[in-house]
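Working notes, beginning with the structure itself.
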Amino acid sequence: MADNSNELMDKLVALCKRRGFIFQSSEIYGGINGFWDYGPLGVELKRNIKDHWWNTVVRQRDDMVGVDCSIIMNPRVWEASGHVTNFNDPLVDCKGCKARYRADKVFTVEVKDGENMLLLAGVDADNADQAKAAATEKANSKTRRRLEEKGDSLAWNMFRADQAQGQTSRCPNCGQELTDARKFNMMFKTFVGAMEDSSAVAYLRPETAQGIFANYKNVLDTSRIKVPFGIAQVGKSFRNEINPRNYTFRSREFEQMEIEFFCHPKEADKWYEYWRDARYKWYVDLGLKSSKLHLRNHEKEELAHYARACADVEYEFPFGTSELEGIANRTDFDLTQHQKFSGRDMTYFDDETKEKFIPYVIEPSGGCDRATLAFLCEAYTEDQAPDEKGVMQTRVVMKFHPALAPIKVAVFPLVKKEGMPEIAQKIHQACKQANLVSFYDEKGAVGRRYRRQDEAGTPFCVTVDGQTLADQSVTVRERDSLKQERIPADKVVQYVQERIR
RNA sequence: GCGGGCGUAGCUCAGUGGUAGAGCGUCACGUUGCCAACGUGAAUGUCGUGAGUUCAAGUCUCAUCGCCCGCUCCA
């Protein structure tokens, strides 16, 4: 990674702290790894992102409804979803080179010719056949020739690191010994009820999706909605990530924006493509316009066993390209699992076609904190602007889409006298009454006040000046172009409202 | 969990075993006439924490906590 990328991230992190976007959680106690707080500007930014998402995918549509489910659910939910079994991946470490592997992806291959150890190697592989091929590939040419000549008459012993049963696993990288497989629990565990009783074990949800699946029948029975339709949810989820990293990108407590869209199996491909493209466009429309945004279709080998298709919306962060949102065709896997585990009927009956089926599910699942971070990275800009003497100075400006900007408008008296503060206050209060986040500032030189708003990403600054006293007009200064225009003071609210959509 | 780096003011960082510093920011007062103006003044520090060595530790040693980077997992 280039140094200037790290530099950009450092500058952004410093700005987020300095201006009150993001603080480290429990900072006064030294912080806690993987948890973050949003400050006064950050909470507005994140809320705007969530609101815009909710408006787009729920309120502006006829085929979508929302839910807000509890974070702690019946633990059986996580058995049905596969989280209890699948996400307790055992891991192994190399005692020599310190590499870490998923134990079910590492095979140790021993080949004996009588008493002679012909080959002893660790390999990355999904199954025994792959392991055999990989080990053969790895052997030197002389050994390989013997393997080919003698073939199955040799004694092959292959075992997965999580099924070693006392045998010593070998590192695929350096060949040295691996530790025994150790379990890592991805879910946060807790106890329901005041007594810490093992029968009361519960988990903080690792995704919001299961609350939607668990309520699929409730929503169908109460909202008069028909397939195809979707349920949306925004909420916190929790994962014991092995290693939180990259600022807020990989956190242990994070917020998701998830949709489960239920449709006829025959229409699943169509809806998958629809949502994939719609979700990508949402990010573009909100300002991730640059070449840093990508839509990447997963290769077949990448797909989870239940997914028929999957695509990621990815963003080129300074620390690397990473996923903001995944859109997957999850087939009828989840509803079928819940039907099996709960014993409840999850089929849908179509009155028109008289057909009964378990709907397929298209899941656009976005990381809200990740989106927030991407919008922050995209917004951070340094440009050149003239100072009072006309000398060009570096200006730091957060070029948020106006709809996302934490502060929509700042109102200043040019100077703190001649009745200008009073007029400016009136305009400020009018903006607040219209639910526009407005900031009033009368201190210091107006140039400094403009620049301060640039760092907060405020799209418009309104200034009351001498002319206002004569004709009730004010100047509006636009953040990115620095251009000013005069408008009537009583049109400020309307002016801003029209430009922040 | 392992390896490497780091921890001094709100931010960015100097600091040679001997009085705790700078720039920026913040606040107050004055000034102000549209892009980080100027003047005067002020506040802000358990030097991450705890031990140890020393006459004396921000500085040396050990431990510990936290952060950053790499490996593994993931939205």
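Heavy atoms only: backbone and side chains are in, while hydrogens, waters and symmetry mates are out. A note on names: the letters A, B, ... follow the listed sequences, proteins ahead of strands, and every chain is numbered from 1.
- For the residue pair A:E325/A:Y283, the side-chain donor-acceptor check at 3.5 Å is satisfied.
- Between the side chains of A:S81 and A:Q210, no donor-acceptor pair is found at a separation under 3.5 Å.
- Counting to the nearest Å, the C1' atom of B:rA75 and the CD1 atom of A:I212 are 14 Å from each other.
- Taking the six-membered ring for Trp and the full ring otherwise, the centers of A:F262 and A:Y216 sit less than 6.0 Å from each other.
- One interatomic measurement links the two molecules: CG of A:L469 to C1' of B:rG33, which rounds to 12 Å at whole-angstrom precision.
- Across the C1' atoms, B:rA43 and B:rG5 are found 34 Å apart, a figure rounded to whole Å.
- For the pair A:R279 and A:W275, the cation-pi test (distance below 6.0 Å, angle within 45°) is failed.
- Going from atom CD of A:E258 over to atom C1' of B:rA75 covers 8 Å, rounded to whole Å.
- Because its NZ or CZ atom is not both nearer than 6.0 Å to the ring centre of A:Y280 and within 45° of the ring axis, A:R276 does not count as a cation-pi partner of that residue.
- Annotation: proximity of residues 477-487 of chain A to RNA chain B (heavy atom, distance under 4.0 Å) is found for A:R477, A:L482, A:Q484, numbered in ascending order.
- The cationic atom of A:R477 (NZ for Lys, CZ for Arg) lies less than 6.0 Å from the six-membered ring centre of A:Y450 and within 45° of the ring axis.
- Distance from the side chain of A:F254 is smallest to B:rA75 among B:rU26, B:rA75, B:rA28.
- No engagement by A:D124 is indicated, since no non-hydrogen atom pair under 4.0 Å with the nucleic acid exists.
- For RNA chain B, if you chain together Watson-Crick or G-U pairs that step i with j, i+1 with j-1 and so on, the runs of at least three with distances under 3.5 Å are B:1-7 with B:65-71, B:10-13 with B:21-24, B:26-30 with B:38-42, B:48-52 with B:60-64.
- For A:A445, there are no side chain to side chain contact (heavy atoms under 4.5 Å, CB included) partners at least two apart in sequence or on another chain.
- Phosphate proximity of B:rU26 to A:R18: absent, as no side-chain N or O sits under 4.0 Å from OP1 or OP2.
- Checking B:rU32, B:rC35, B:rC74 against the side-chain heavy atoms of A:R239 singles out B:rC74 as nearest.
- Taking atom P on both nucleotides, B:rC13 is separated from B:rC6 by 13 Å, rounded to a whole Å.
- Around atom CZ of A:R308, no more than 12 heavy atoms belonging to other residues, nucleotides or ligands sit under 6.0 Å away.
- A distance of about 23 Å separates the C1' atoms of B:rC74 and B:rG66, rounded to the whole Å.
- For the pair A:Y450 and B:rA36, the ring geometry does not qualify as stacking, because the centroid separation below 5.5 Å and plane angle under 30° are not jointly satisfied.
- Among the protein residues, A:T475 comes within range of the nucleic acid bases, having at least one heavy atom under 4.0 Å from a base atom.
- The stretch residues 30-40 of chain A participates, sequence neighbours left out, in these side chain to side chain donor-acceptor pair (under 3.5 Å) pairs: A:Y38-A:D369.
- Checking B:rA75, B:rC68, B:rC11 against every side-chain atom of A:R370, the shortest atom distance belongs to B:rA75.
- RNA chain B is contacted by A:T463, A:D465, A:G466 of residues 460-468 of chain A, taking any non-hydrogen atom closer than 4.0 Å.
- In this structure, the ring of A:Y247 has its center no less than 6.0 angstrom from the ring center of A:F249.
- Among pairs with a residue in residues 463-489 of chain A, none fulfils ring pair (Phe, Tyr, Trp, His ring centres under 6.0 Å), at least two apart in sequence or across chains.
- Residue-to-nucleotide contacts include no donor-acceptor pair under 3.5 Å from the side chain of A:E455 to the base of B:rG25.
- Comparing the C1' positions of B:rC47 and B:rU59 gives an interatomic distance of 10 Å, to the nearest angstrom.
- Along RNA chain B, the nucleotide nearest A:G34 and the nucleotide nearest A:L324 are compared for position; the residue whose nucleotide lies closer to the 5' end is A:G34.
- Rounded to whole Å, the separation between the C1' atoms of B:rC60 and B:rG15 comes to 16 Å.
- In this structure, the nucleotide among B:rC11, B:rC69, B:rG33 sitting nearest to the side chain of A:L414 is B:rG33.
- You'll find that the side chain of A:V415 is closest to B:rG33, out of B:rG33, B:rA75, B:rG10.
- Distance A:R448 CZ to B:rG33 C1': 17 Å, rounded to the nearest Å.
- Residue A:N33 has its side chain nearest to B:rG66 when only B:rG25, B:rA75, B:rG66 are considered.
- When heavy atoms are screened at a 4.0 angstrom cut-off, A:I32 is found touching the sugar-phosphate backbone but no base atom.
- A gap of 31 Å separates the P atoms of B:rA14 and B:rU53, to the nearest Å.
- For the C1' atoms, the distance from B:rU8 to B:rG21 is 10 Å, rounded to whole Å.
- Which of B:rA37, B:rG10, B:rC69 sits closest to the side chain of A:K17 comes down to B:rG10.
- Stacking of A:R252 on the aromatic ring of A:F188 is not recorded, the 6.0 Å distance cut-off and the 45° axial limit not both being met.
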>> What verdict does the ring pair (Phe, Tyr, Trp, His ring centres under 6.0 Å) test give for A:Y274 and A:F261, after you've listed the backbone C-alpha separation in whole Å, the side-chain angles of each residue and the deciding distance to 0.1 Å?
In response: CA-CA 11 Å; A:Y274 167 83; A:F261 193 85; 7.4 Å; no

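- Aromatic ring centres of A:F460 and A:Y495 lie closer together than 6.0 Å.
- With distances taken from any side-chain atom of A:K417 to the nucleotides B:rA75, B:rA36, B:rU32, the minimum falls on B:rU32.
- Side-chain contact between A:Q256 and A:S365: present, with at least one pair of heavy atoms (C-beta onward) separated by less than 4.5 Å.
- The residue A:F249 sits close to a base: some heavy atom pair falls under 4.0 Å.
- To the nearest angstrom, P of B:rC74 lies 22 Å from CD of A:E255.
- Heavy atoms of A:M420 sit under 4.0 angstrom from at least one base atom.
- Distance check, rounded to the nearest 0.5 Å: OG1 of A:T463 to CD1 of A:I427 gives 9.5 Å.
- Atom pair A:Q24:CD and B:rG48:P shows a separation of 15 Å (rounding to whole Å applied).
- Nucleic acid contact for A:S251: base, since at least one base atom lies under 4.0 Å from a heavy atom of the residue.
- Atom P of nucleotide B:rA75 and atom CZ of A:F317 are separated by 15 Å, given to the nearest angstrom.
- Toward the 5′ end of RNA chain B lies the nearest nucleotide of A:F35, the other residue of the pair A:F35 and A:T248 mapping further downstream.
- Rounded to whole Å, the C1' atom of B:rG25 lies 14 Å from the corresponding atom of B:rA42.
- For A:E418, whose side chain is taken as the heavy atoms from C-beta onward, the closest listed nucleotide among B:rG33, B:rA37, B:rC34 is B:rG33.
- In the set B:rC11, B:rC68, B:rU26, B:rC68 carries the atom at the smallest distance from any side-chain atom of A:W36.
- An OP1 or OP2 oxygen of B:rU26 is reached within less than 4.0 angstrom by a side-chain nitrogen or oxygen of A:R452.
- Across the protein-nucleic acid pair, A:E260 atom CD and B:rA75 atom C1' stand 13 Å apart, rounded to whole Å.
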